[in-house]
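Here the structure comes first, spelled out in structure tokens, and everything after it is commentary.
Each chain gets a letter, A, B and so on, in the order the sequences are listed, and its residues count up from 1.
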There are 2 protein chains.
Amino acid sequence: MIEEIHKKVSAFLKTKGLRNTPQRNAIIDVIFESDEHFTADELWERIRKSNSKASRATVYRTLSLLVEANLLHEIDLGEDLKTYDPNFHDKPAHNHLICVDCGKVLEFEDSHLELLNDCLTRRMGFRPKSQSIRIEANCEKLRTSGTCPDLINARVTGKRIPKKR
Amino acid sequence: MIEEIHKKVSAFLKTKGLRNTPQRNAIIDVIFESDEHFTADELWERIRKSNSKASRATVYRTLSLLVEANLLHEIDLGEDLKTYDPNFHDKPAHNHLICVDCGKVLEFEDSHLELLNDCLTRRMGFRPKSQSIRIEANCEKLRTSGTCPDLINARVTGKRIPKKR
DNA sequence: CTGATTGCAAATGCTTTGCACGCCA
DNA sequence: TGGCGTGCAAAGCATTTGCAATCAG
């Protein structure tokens, strides 16, 4: 799978007259070894902890490239920082549900939703290009039972629990 | 209508122990005299051109207040700057379609879409809180006839035409 | 070789904040 | 009188950029 990504990147670079470099490859490896969303800074930290290295500037520059190559998407999680999602390669049309209790992000796809959006777009006189849906919701488990494993885990790992909006 | 907004703001300020001020009122007037989306800086420009005045800091501080009071929403138009939408007071559940040809933003509501999202959210074990949908699309008129009034207008007014992504 | 790439530090640009003064309750 | 609100300038912070050295093809 990671090979497939590298192949796509190489093809993309070639069409743009750009080059394969150790830094770019290292960054790609770190990104796609997990399916976690991340910020530029988190990525840079992960690189630093790995045995390869790349400067912040290179991290930013590579992120732009990967977004342009459509291997990475910027997504809106309602945070201030840009968040990147590496999972569009596997799930090209997924959406996000954000738990406002613990911050957990679920990815989901639904063909009915896509179809409906598609129809609405055409009815307005447009040709659909991309759609993104963000749902904020409360955890039902937490509400009924007063606890939720994700929330406990978020607290343990010190994850910032979102302000309820 | 603007009176209704002012009433809501006053109520909100009261509950928080905050005060009505000329600056806050002026900012609110400028925001809600139109249904345009805007950035903090655009708002500040509009204030400056009006006969009232408020500093940039006050503009930013008031924006935060209005978002907290739920009279304004930050929306994601795919731009780098935060964009504010003053129309949720009239259309509490609207979504956005962005034309990638001319940058025009259409607001739309659809009860089927809301219902479907609601069901999907519950099926995932959550209680819906808010949903936001962003559709990027190409103008059908432009594609078939080679022209589109919105695009012409965008060029005339010097509006930045979005990079196609 | 030649032009792309990198790292560093400096610059950028939006947003937030500290502070002193003003003002309303 | 207490403390909220404001304007100003300074600070913050994520991101971008200029530049000289380095590297890929």
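Judged as a side-chain contact (heavy atoms from CB on, under 4.5 Å), and not counting sequence neighbours, the contacts of B:Q23 are B:T21, B:A54, B:T58. Under the side-chain contact (heavy atoms from CB on, under 4.5 Å) criterion, A:Y60 pairs with A:A40, A:R56, sequence neighbours left out. The salt bridge (charged side-chain N to carboxylate O under 4.0 Å, His left out) check on A:R143 picks up A:E140, with sequence neighbours excluded. Looking at residues two or more places apart in sequence or on another chain, you find a side chain to side chain donor-acceptor pair (under 3.5 Å) between B:D118 and B:R122. When the side chain to side chain donor-acceptor pair (under 3.5 Å) test is applied to A:H73, the partners found at least two apart in sequence or on another chain are A:N70. The side-chain contact (heavy atoms from CB on, under 4.5 Å) check on A:S10 picks up A:N20, with sequence neighbours excluded. Residues that satisfy the side chain to side chain donor-acceptor pair (under 3.5 Å) test with A:K14, not counting sequence neighbours, are absent from this structure. Residues passing the salt bridge (charged side-chain N to carboxylate O under 4.0 Å, His left out) test with A:E36: none are found, sequence neighbours excluded. Residues satisfying the side chain to side chain donor-acceptor pair (under 3.5 Å) criterion with A:D85, sequence neighbours excluded, are A:H37, A:N87, A:H94, A:H96.
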Scan nucleotides 3-9 of chain D nucleotide by nucleotide, 5' to 3', and note B when protein non-hydrogen atoms come under 4.0 Å of the base, S if they reach only the sugar-phosphate, - if neither. BBSBBB-

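From the 5' end on, the contacts that DNA chain C makes with chain B at under 4.0 Å to a non-hydrogen atom open and close at C:dC14 to C:dC24.
Side-chain contact between A:L66 and A:Y84 is absent, with no heavy-atom pair separated by less than 4.5 Å.
Over its length, the helix from C:dC1-D:dG25 to C:dA25-D:dT1 turns its helix axis by 30°, as judged from the five terminal pairs at each end, rounded to 10°.
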